[in-house]
Structure formats: structure tokens, C-alpha cells
Amino acid sequence: MRIQLDSDGNQLPKLGLLILQGCVLFLFFFLVLRLWYLQILRGDYYESRAHSNRWKDAQIYANRGLILDDKGVILAENSPAYSIALVREDCPDIPAALAQVSKWTGLSGQDIQVNYNRARKESSQSFAPLILVPSVDFDQLARIESQLVNWPGLVILSRQRRYYTHGNMFAHVLGYVSIASDDDHKKFPELSIGDTVGKQGLEVVLEDRLRGIKGLNAFEVDVHGRQLFKRVEYKPKGGENIRLSLDVDLQRAATAAMGNNAGCIVVMEPDSGKLRALVTLPSYDNNIFTAKLSGAQWALLRDDPRHPLHNRVIQSVYPPGSVFKLPMANMLLQMGVDPNETVFCNGQVTLGNRVFRCWKKGGHGRVNMTRSLIESCDVYYYQMGDRAGIDRIHDFAIKSGFGRLTGIDLPYEKSGLVPSKAWKRANFPKDPGWQRGENYNTSIGQGFTLVTPVQMAVYVSSLLNGGKLMKPLLVDNDDPVITGMAPSTEKERKFIVEGMRQTVYDARGTAKRILRTDAVMGGKTGTAQVIRLGDVRQKTEEMAYQHRDHAWMVSWGIKGNKKYVVVVMVEHGGGGSSAAGPVVKAVYDHLFAEDVYGPLPPVVASGAARQDVNIDEVYTEEVLKAAEDWQKEAAE
């Protein structure tokens, strides 16, 4: 059979064939391009998506570091805590589940929704648990667990909660941890919803050392979400355990010595700057902040007129009263004032129509610098302070550590205030310039002058350690830090130290309440007036509490190789000797506890006149010998 070809008019057009071939080639090119896009350009992305469908990740929470005292007694540890979380993949009705959580816990639906939205923003995985309530108590937990079977998608997560073993005894030092805020999440991106961070005290200062690093578990699951395999991607690393320089037993004894008074106690080692006790009262139980703090609890703390949340050691500033006479005497020596030069005290100084009174009615008679410290004569410092002038007082006080931060590792420390002419012009532009009467007030630690108790501890320590202004240390293994040098010579410091010793051992010394036979002691009392009450001086018990004077005592004690500085400030306590003295004595009784002795009468220090002592007083040979030995050493 003969094959006949179609004529040209019946054959397919060549253009159409080319178009068909082009379409096939374009489709093939598109498929290759898509394959390249999926397998190469976006290969890692889709591989991770497939991996995420196959594997579920779960964080392993790291233990927060423990905080211990100097002997290893635990002050802050971790206890079990429980959170309510939601797994979106397993939850058929999310709004209903959120409403049920609100019903269980009593939290508002809005708070639950906010937590849910924030957690969802942080995690795109539908099977990741989103924490709705960071902490539920045990009673709630028992009730909720019995109903979880009816609410798929809601789960209970076991976590850790901070627990402070001694409650309010270390609250102002340790501070507390609480749920991380939005600002905390910005500062620490590694935080998850429900994580806790330090909010006060050492917990916030040492946050980076205490928090630790989370680990990660990976779970292989099937299409129904059942676990097939588990592996640890990386292990958690617990936070650092921190040993403090504080002593639990000393802290307890000091706290007990304060009784119901408001105030604070600082116990410091002058050579190293280590703090052995740091008490501020009234206090609060910091454990309430680690759980759910109720509005009623917060209002009770916030509105308490005695301000239990306030750390009085570093955040409260007080007029120093007569304890300021220590740096004043140091400054006068530096000016070249002869310590044997006397001032006659008849009980008052008149300036214009104002009368500036000494605390002792009738006065002290002829007083030199040593007697001015022993008997705390105000008239001596009125006249000497006026001779020095406010700017010289200001400059010396600033160089001695006042009016500036000590650098202690606690937040919100205040610097206090040492006034000057320039300061007054800047703050009271409508008032006249600096007045002579303000020289008088500043010279005895009144007027505008404000200090913190920890500043007084640093200054007194400098008298014993060669003039070094030490940073107060709370962490036991921290190296000593010298923040400056006091502007005094060794001879000047020995004179002030000897004056403090005689203030304890002299029959008329204002600090004789802390006298001991087993140690050498030194002290200085202060009574800081809160308001001006006029010419008639009332007894402390007759005054309204808020009008009573603040009571100070700064001191040091040396026994063998033990050397301590103890500062006590009793708010509205009245006289420094009567209110602060017994507290200081109780602290030293604990520090030097191995020697027990009964009440001792006042004794005569070297240089005291025989007629200054009552005939029926008994003299203690050991004390007199200790006084003589100390004076010989100071003279050398």
C-alpha cells in the first residue's frame, strides 16, 4: 500500500508545535525551579518544620543558686512549685479553657488572657505548653488535678519556687524574687513566661550569678502526639551558690537585742570591710513575694507607718547628732587646733536672739578636745565649728566618706547630705546666705546634715585600719575593696580612737554602758534631734513618738585577734546611751560570748579627775590595766 502524504495545508503548523514544546519546557523549568526552591533555598526551613512536627522540645529549668551564711547555713533555697499551662494542639476550645482556669484560680479572665497572649508570642509551636498561672498553692492543685481529665490541653507543670529559711531576719539583705515583668523580659531575652528574677536585695544584685542556664529535652512523637523517644539536647546548669559574710547566730542575737524598736544594726570587720550582721527593723517575710501576693497583703506592707519595706541601713538618712563629733574632732586636729586648748561651757551659746544649748544643763565647765568627746560637749563644737567654717567641714566630711555612696552590694543606697554654702544657694535661692547658726548646727550633726548607718560604720572602721574607707562586703569570698582614704594621719586617728576608748572607761563617759573587762572597747553616743521643741526640754516618754530623738551609738571592740565595729541607730529611741547602748552591749556579748561576767560599775580612765567619781564606786583592776596598756600603745 502506498502512503500518501497530506498536502502542506493539512499538516500541523510549525508555530503551534514550537509553542507546545515551549510550554513543556517552561513547565519542566518551573518544576525544577520549584524543586530548587523547596530543597535548596528553603530546605533548612522545611526540614526544621518537619523536625518540629516530629520532635517536641521542653525546657529543663535550672536550679537557682543557694544563698548561705558564713558557716554554710542555708538562707535561700528552692522548693517545689506548680504552674498551670495550656497546650494549644491538644485543646479543642481555648476560650473555654482560659475561662475555666480563671474560675479555678480566682484570677481575672483578663490576666489569664494576657499571660496566654504573651506566652503564645514567645512560642510558635502549637504543642509547647504555655504558662497561664505561674504559681498555684497545694490546695488549689489538689482541686484542679481532679478535674483536668475533663479539660484536654490543660496541664500542671512542676517548677521551683524560692524559699527563705529565716523569713524576715534577712529580708532586707536577701530581697526576694518574683515573676519577671515586661522590662525584665527585655533585659533578659532568655526568660520565659512565668520565670522569676531578683527584685530586691542580693537577689537582684547577684541575678546573673544565681539564675543559672536552662537545659532542653527533645521528645519524638507520632502523628497522635504520643511520645516515642526522649533525648537531652543539653543539660541545665545550676546557678552559683553564694556564701555570705553574715552570721545567722549573730544576726538573730542582734535582732533580739533591738526588741520592738525601729532602727538598724551594722557589724563590720574594719580591716576587710566584711559585714557580719546587717539588721533593719521592722522587717517583713520575703516569702510572700515568691508566691501570689494578695492586694490586702501589699496594702498592709505599703501603708504601715513604720515602713517595714525600707532598708534603714542604706536607704534611711538621719541627722548623725553627736557621733558627727568624731570627724569634727579629726578635722580640728588637721586644722592645727591644739587638743589641750579649752572652751568654757556654761550650758549655752547666744547668737543674736537665738540660744544654742548644750545637752547638759549648767554646762561642762572647762573642756578640751578629749573631754569634749568623752562628755559630748556641744558648746565646744559650736565654737570650734564656727572657727572652721562650713566649707571646710563639708570638704573634710566628703573626703571621710559622707555625702557619697559606700558601694555596698545592695540596691537603692542613698548618699546622705553634707551641706555647703553652694548647696544652700542652689536649694534655697530665696533664703539668705549661709548663717553662723547653721555652722553651730552642722558642727554637732544637726541641721541639714544627713548620714546613713553604713557610712558611720565605714568611717569608724577607717580609724582602726589605717585610714582606709572600705567597701562594705556581703559576699564572703569577695576581695577587700578600698574606695578611698580618709584625710587623717595616724597620730590623729590614734587620738580619736583613744578618745572613744576613754568615752567607755571614764566615769563621766557617755558610752560606759558597753564597758567590758575582757576586751578593749571604744564608743561614741549621739542623740539626734528630730524637730525643734523650744526652750523647754521634755522627757522622751512625754513626747509624741514621731517627735522623739533618734538614738545613736558607734563603737569598736578588740579582743585578741577579733576586731569589730558596731553601729546602732534606734529611731525615736531618745538618748543614745540609754536606748542604743544596751543594744550595742548585747551584740558584743554575743561576739565575745566565751567570757561571761556580771554588771560592772563605771571606772576611771586615764586622765579623769579623782573627784569625778563617787566615793562608793568600785574600781576594776583589769579594766584600768587594759586602759593603761592601750594608752601606751596609742602613744607609741
A.B. asks: Can you sort out the partners of Gln334 under side-chain hydrogen bond (donor to acceptor under 3.5 Å, both in side chains), two or more places apart, ordered by chain and number?
C.D. replies: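 If we apply the side-chain hydrogen bond (donor to acceptor under 3.5 Å, both in side chains) test to Gln334, skipping adjacent residues, there are no hits.
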
A.B. asks: Do Gln160 and Asn63 get their side chains close enough for a donor-acceptor pair, meaning under 3.5 Å?
C.D. replies: yes

A.B. asks: To the nearest 0.5 Å, tell me how far Ile374 CD1 sits from Asp506 CG.
C.D. replies: 4.5 Å

A.B. asks: Which pairs, with at least one residue in residues 313-338 and sequence neighbours excluded, count as a salt bridge (charged side-chain N to carboxylate O under 4.0 Å, His left out)?
C.D. replies: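 Every salt bridge (charged side-chain N to carboxylate O under 4.0 Å, His left out) pair that includes a residue of residues 313-338, provided the two are not neighbours, is Lys325-Asp378.
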
A.B. asks: Quick check against the 3.5 Å criterion: does Ser488 have a side-chain atom that pairs as donor or acceptor with the backbone of Gly467?
C.D. replies: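 No, because the side chain of Ser488 does not come within donor-acceptor range (under 3.5 Å) of the backbone of Gly467.
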
A.B. asks: How long is the gap from OG1 on Thr370 to CG on Asn340, to the nearest 0.5 Å?
C.D. replies: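 Reported to 0.5 Å precision, the distance equals 7.0 Å.
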
A.B. asks: Does one side chain, of Ser322 or Ser376, offer a donor that lies under 3.5 Å from an acceptor on the other?
C.D. replies: yes

A.B. asks: Please answer whether the main-chain N or O of Tyr176 pairs with a side-chain N or O of Asn286 as donor and acceptor at a distance below 3.5 Å.
C.D. replies: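 Answer holds: no.
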
A.B. asks: Per the side-chain hydrogen bond (donor to acceptor under 3.5 Å, both in side chains) rule, which among Thr483, Asp409, Asp479 passes with Lys471?
C.D. replies: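 For Lys471, the side-chain hydrogen bond (donor to acceptor under 3.5 Å, both in side chains) test succeeds with only one of Thr483, Asp409, Asp479, which is Asp409.
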
A.B. asks: Taking side chain as C-beta onward, heavy atoms only, is Val475 less than 4.5 Å from Arg243?
C.D. replies: no

A.B. asks: List for me each residue that meets ring pair (Phe, Tyr, Trp, His ring centres under 6.0 Å) alongside Tyr564, sequence neighbours excluded, and say none if there are none.
C.D. replies: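 For Tyr564, no residue satisfies ring pair (Phe, Tyr, Trp, His ring centres under 6.0 Å) once neighbours in sequence are set aside.
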
A.B. asks: So do the side chains of Val173 and Leu246 get within less than 4.5 Å of each other, counting heavy atoms only?
C.D. replies: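 Of all side-chain heavy-atom pairs linking Leu246 with Val173, at least one is under 4.5 Å.
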
A.B. asks: In Å and rounded to the nearest 0.5 Å, what is the CG to CD distance from Leu463 to Glu492?
C.D. replies: 11.0 Å

A.B. asks: Would you call Lys491-Glu498 a salt bridge at under 4.0 Å N-O?
C.D. replies: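 No, Lys491 and Glu498 are not salt-bridged.
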
A.B. asks: Testing the basics here: between Val458 and Pro472, what is the closest heavy-atom pair and its distance to 0.1 Å?
C.D. replies: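 That closest heavy-atom pairing would be CG2-CG, 3.8 Å.
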
A.B. asks: For Tyr318, give me all partners under ring pair (Phe, Tyr, Trp, His ring centres under 6.0 Å), at least two apart in sequence or on another chain.
C.D. replies: His550

A.B. asks: Kindly say whether the aromatic ring centers of His364 and Tyr380 come within a distance under 6.0 Å.
C.D. replies: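 Ring-ring flag for His364/Tyr380: false, centres at least 6.0 Å apart.
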
A.B. asks: Using residues 410-419 as the side-chain source, report each donor-acceptor pair under 3.5 Å to any protein atom, sequence neighbours left out, with the distance given to one decimal.
C.D. replies:
| from | atom 1 | to | atom 2 | distance (Å) |
| --- | --- | --- | --- | --- |
| Glu413 | OE1 | Gly407 | N | 3.3 |
| Glu413 | OE2 | Thr406 | N | 2.9 |
| Glu413 | OE2 | Thr406 | OG1 | 2.7 |

A.B. asks: Over all heavy atoms of both residues, which pair between Phe344 and Val379 is shortest? Give the atoms and the distance, please.
C.D. replies: O-CG1, 3.9 Å

A.B. asks: Please assess Asp247 against Arg252 for the test salt bridge (charged side-chain N to carboxylate O under 4.0 Å, His left out), listing each intermediate value before the final yes or no.
C.D. replies: CA-CA 9 Å; Asp247 182 283; Arg252 183 181 293 110; over 6 Å; no

A.B. asks: Tyr163: which residues meet the ring pair (Phe, Tyr, Trp, His ring centres under 6.0 Å) condition with it, sequence neighbours left out?
C.D. replies: none

A.B. asks: What pairs with Phe495 under ring pair (Phe, Tyr, Trp, His ring centres under 6.0 Å), at least two apart in sequence or on another chain?
C.D. replies: none

A.B. asks: Applying side-chain hydrogen bond (donor to acceptor under 3.5 Å, both in side chains), can you list everything that pairs with Tyr381, at least two apart in sequence or on another chain?
C.D. replies: Ser372

A.B. asks: Looking only at non-hydrogen atoms, find the nearest pair between Val565 and Ser461 and report the distance.
C.D. replies: CG2-OG, 3.5 Å

A.B. asks: Does the pair Leu474 and Leu278 meet the rule for a side chain to side chain contact (heavy atoms under 4.5 Å, CB included), with working shown?
C.D. replies: CA-CA 9 Å; Leu474 285 163; Leu278 206 64; 4.2 Å; yes

A.B. asks: Throw together a table of side-chain donor-acceptor distances under 3.5 angstrom for residues 389-403, partners on residues two or more places apart or in other chains.
C.D. replies:
| from | atom 1 | to | atom 2 | distance (Å) |
| --- | --- | --- | --- | --- |
| Ser400 | OG | Phe396 | O | 2.9 |

A.B. asks: Is Lys563 close to Trp556 at the side-chain level, that is, under 4.5 Å between some pair of heavy atoms?
C.D. replies: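 No - every pair of side-chain heavy atoms lies 4.5 Å or more apart.
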
A.B. asks: Quick one: side chain to side chain contact (heavy atoms under 4.5 Å, CB included) partners of Ala257, sequence neighbours excluded?
C.D. replies: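 By the side chain to side chain contact (heavy atoms under 4.5 Å, CB included) rule, Ala257 matches Val583, Ala586.
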
A.B. asks: Kindly give the heavy-atom pair with the smallest separation between Ser443 and Asp386, and that separation in Å.
C.D. replies: OG-N, 4.3 Å

A.B. asks: With a cut-off of 6.0 Å (strictly less than), are more than 12 heavy atoms of other residues, nucleotides or ligands near NZ of Lys237?
C.D. replies: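 Atom NZ in Lys237 is not crowded, with 12 or fewer foreign heavy atoms closer than 6.0 Å.
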
A.B. asks: Which pairs of donor and acceptor atoms, one on a side chain in residues 262-273, lie under 3.5 Å apart (sequence neighbours left out)?
C.D. replies:
| from | atom 1 | to | atom 2 | distance (Å) |
| --- | --- | --- | --- | --- |
| Glu269 | OE1 | Ser272 | OG | 3.1 |
| Glu269 | OE2 | Arg276 | NE | 2.8 |
| Glu269 | OE2 | Arg276 | NH2 | 3.1 |
| Ser272 | OG | Lys274 | N | 3.2 |

A.B. asks: Decide yes or no for Met521 and Ser555: does some side-chain heavy atom of the first lie under 4.5 Å from some side-chain heavy atom of the second?
C.D. replies: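 Side chain of Met521 against side chain of Ser555, heavy atoms only: no contact under 4.5 Å found.
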
A.B. asks: Is Val451 close to Met456 at the side-chain level, that is, under 4.5 Å between some pair of heavy atoms?
C.D. replies: yes

A.B. asks: Hey, is Glu207 close enough to Arg64 for a salt bridge, meaning N to O under 4.0 Å?
C.D. replies: yes

A.B. asks: Do the ring planes of Phe592 and Tyr588 sit parallel (below 30°), tilted (30 to 60°) or perpendicular (above 60°)?
C.D. replies: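 Rings of Phe592 and Tyr588: parallel, as their planes differ by under 30°.
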
A.B. asks: Could you go through the salt bridge (charged side-chain N to carboxylate O under 4.0 Å, His left out) check for Asp518 and Arg516 one step at a time?
C.D. replies: CA-CA 6 Å; Asp518 62 336; Arg516 300 179 67 94; 2.8 Å; yes

A.B. asks: Would you confirm whether Gln455, through its side chain, and Arg404, through its main-chain N or O, come within 3.5 Å as a donor-acceptor pair?
C.D. replies: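 At least one qualifying donor-acceptor pair exists.
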
A.B. asks: Would a distance-only check, ignoring hydrogens and angles, find a side-chain to backbone donor-acceptor pair under 3.5 Å from Asp69 to Val248?
C.D. replies: yes

A.B. asks: For the atom pair CG (Asn168) and OH (Tyr284), what is the distance rounded to the nearest 0.5 Å?
C.D. replies: 10.0 Å

A.B. asks: Could you give me the CA-CA distance, side-chain angles and deciding distance for Met553 and Val567, then say whether side chain to side chain contact (heavy atoms under 4.5 Å, CB included) is met?
C.D. replies: CA-CA 6 Å; Met553 181 178 281; Val567 172; over 6 Å; no

A.B. asks: Can you tell me which residue among Leu68, Leu202, Asp70, Asp478 is in a side-chain contact (heavy atoms from CB on, under 4.5 Å) with Leu244?
C.D. replies: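 Looking at Leu68, Leu202, Asp70, Asp478, the match for Leu244 under the side-chain contact (heavy atoms from CB on, under 4.5 Å) is Leu202.
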
A.B. asks: Does the side chain to side chain contact (heavy atoms under 4.5 Å, CB included) test come out yes or no for Leu301 and Ile288, once each step is laid out?
C.D. replies: CA-CA 11 Å; Leu301 288 172; Ile288 64 175; 3.5 Å; yes

A.B. asks: Of all residues at least two apart in sequence or in a different chain, which pass the salt bridge (Lys or Arg N to Asp or Glu O under 4.0 Å) check with Arg162?
C.D. replies: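 Result, salt bridge (Lys or Arg N to Asp or Glu O under 4.0 Å) vs Arg162: Glu203.
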
A.B. asks: Distance alone, cut at 3.5 Å: any donor-acceptor contact between the side chains of Lys512 and Thr503?
C.D. replies: no

A.B. asks: Short question: side chain of Asp304, backbone of Pro308 - any donor-acceptor pair under 3.5 Å?
C.D. replies: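 Absent.
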
